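Bear in mind the structure is a predicted one, so any value in this text is a computation, not a measurement. First the proteins, then the strands, lettered A, B, ... as listed; each starts at 1.
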Amino acid sequence: MKPTYRLAGDLGEVFREYQAELVRLAAFILGDRSTGEDVVQDVFVRMHQREHSQDGDPLPYLRAAVVNGCRSMLRRRRLIRRHAERQSPCPPLTAEEAAMLSEDRRQVLAALAALPPRRREVLVLRFYLELSEAEIAATLGISPGTVKSTTARGLTALARTLKEKS
Amino acid sequence: VTRQDEITRTADRLRDALGTAADVMAGTGIGLREDHYPERPALPPTPNPLARVRPGWRLAWRLGVAASAAAALVAGIIVALQPSAPAALTVQLLADRASAAALAQPTVSPGQWVYRKTETDSVFPHAKKTFQGTRIGETWATADGTAYYAGSHGGSGIDTYVGLASLPRNPAALDAYLERGAAANADASHKTGTAFVAIDYLLSSYVPPPALEAELYQALAILPGLQVDSHVTAIDGRVGVAFVFPQTSWSVEQEIILNPSTFAYLGEADWDAAQGSGMESALLQREYVAGPGSTQPSLTPPTAAELLAEQAYAAANASWPVDDWPLTPLPGSWILRKLVTSSGDVTIWATADDLEQASYVNGTLQVCSRSAACAASTQWLMPAGPSYAVMSPPDSPSPLPKALPQLLATLNSYSTGCTDVAGDCNAVNAIANMVTGYVTSPSAPGNWYLLLAEIPGVTVQHVTDVTGQADVALRFPFSDGVTQILFNASTDKLVGYVRNGTETVITKIAQVTGPGSVTTTCTPNTPGCAAK
């Protein structure tokens, strides 16, 4: 019964269709679920305030907007961290949910969360949303070549972290 | 294994972990307000209950046609609302009645358990199919919303119950305060909607003190643009009378529904006329009960032990994750604990699942697997009770029963070597072991804390622990084993225990690189570690 607005009209439909997936995307990128919910909510509010309808599939725009929202949230959080020594992050999974994952999977998610944000973005878009390199390039506004190299570096770093832990 | 194979395998593991995590999140409702949006799979095509009820009843209401028994009930509302003068049903009149009803309610303790049985109906058309669903939910929560049992609770909402005490006590100031959730440059309608939803949240999630509840209704009354409506809810044929925030370009219609004869809070609804989608949620039953799991009405204030257990439970949930751990540490991770005991200080290491323990004995690090002998040599807790694997099995919920009586029976079936078996000493020892010995999800300990308050003869005592800190102790009438569990008097967090006469306080807990190590593991949220 957490307060939530439902948006009127077509946007409400889009919201219902994609909200869950976008929140998970943001949660994986941020490593923080409640902030992820805020980011997605903001994206929809902004989209509404612009009051123009988009033709075609809204999903590519929404994904890019969510990734951008995550970036500005990370910037803001870094600023806050300078002032507050200790933060209490909300992980992408609740403790109860984390307990439902195997040790191996938790280890992978922890290793992912330890990567720099840009690598995390690419890996989440690639291996959670299963986007192509071209789609990732369009979403992040980088070249397909950069997507390829960032993916490779991200996986290498991930493999190294997992090896150290095991 | 070539490097390329390893990269490929890592990619597969990542894909699998993200996919499984997403499934788990979807299953537990992330991003989906399950109250609002039923499952996607098609349901049998039945008439849309809201569509059937609403236009008809709204029409009947407007025309004043008493076409059936239910319409007569609606007509009855008007009589109930107009005992003296032929005044029209207004927002202010409804607010006055609701405020008067609120003031006639008893003041309950913040720790009072409240049982709610709720029916939620939702419907929304999607492409060629209309999705609709009905859900009956049963929840137990304390009046202040800090502790809950079964079901979920929107605990991270606009305001905590503790904050309610400081809310302004006049309607205009209250509205101004509750509107702060809207953006600073939001228009008046956004601010009104924000305050409306905030008030709905406070009324549905908490049992506010009567004076505040009365003020909340007055704060509703002065919000601009609200309407009142009476109609039959889709739920159980119940008649309701509602405060209505009409549909705008940015929000669907929102309703706060009251019982038309008692003017008590009945439920909430939202309705999108353009889409024909909506949700109605109404209380079928709300009782003050003696404890979680009970449905028998009882306005017994919680005992001191129950209050402490509830607060400890809330503190355990609020403090998660521990320090900067983003996820539960893996079962084999080494955890360092500094213990201050009444017989000296000691640093001990144990894996998160407590299967291995380590400490320095005469300058030599001794590592041993979990056993009675090892527990004695490491001064760590007893190796008894459900194992970590039982408590937190991978990829599935714990098989331990959730209902308190069954959980108590299960925990008592473990033999922990204590004497007062009939007095539930085994359960207390098992719980003490689990809450202090394992580093895992705090959700299960919640139930365990609540169980501690139900042990026969348990008492609460303010004490000063061996570190000189003010604590509150749950004391059990046993002669051996764990006889006390200590909580910080100001934060309510678990700090230690008394076992066989020795007091142990955990002053530090950290994930480290291995047994004997004091090097903290770099975790994703450790400042300075993440960007490596």
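For A:Arg126, there are no salt bridge (charged side-chain N to carboxylate O under 4.0 Å, His left out) partners at least two apart in sequence or on another chain. Every side-chain hydrogen bond (donor to acceptor under 3.5 Å, both in side chains) that B:Arg286 has, sequence neighbours left out, goes to B:Tyr288. Residues forming a side-chain hydrogen bond (donor to acceptor under 3.5 Å, both in side chains) with A:Thr151 (at least two apart in sequence, or on another chain): none.
In B:Arg15, the CZ atom is crowded: over 12 heavy atoms of neighbouring residues, nucleotides or ligands sit closer than 6.0 Å.
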Test side chain to side chain contact (heavy atoms under 4.5 Å, CB included) on B:Arg13 and A:Gln107 and set out the steps. CA-CA 10 Å; B:Arg13 285 177 70 185; A:Gln107 209 162 24; 4.2 Å; yes
A:Leu112 and B:Leu18: CA distance, side-chain angles, deciding distance, side chain to side chain contact (heavy atoms under 4.5 Å, CB included) verdict: CA-CA 10 Å; A:Leu112 174 71; B:Leu18 287 170; 3.9 Å; yes
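For A:Ala159 against B:Glu6, the heavy-atom pair with the smallest separation is CB-OE2, 3.7 Å.
At a heavy-atom separation below 4.5 angstrom, chain B is approached by A:Tyr128, A:Glu130 within residues 128-137 of chain A.
In this structure, A:Arg160 CZ and B:Thr10 OG1 are separated by 11.0 Å, a value rounded to the nearest 0.5 Å.
When heavy atoms are compared at a cutoff of 4.5 Å, A:Leu155 approaches chain B by way of both its backbone and its side chain. Neither the backbone nor the side chain of B:Asp200 comes within less than 4.5 Å of any heavy atom in chain A.
Of the listed residues (A:Leu109, A:Leu162, A:Leu158), just one forms a side chain to side chain contact (heavy atoms under 4.5 Å, CB included) with B:Leu14, and that residue is A:Leu158.
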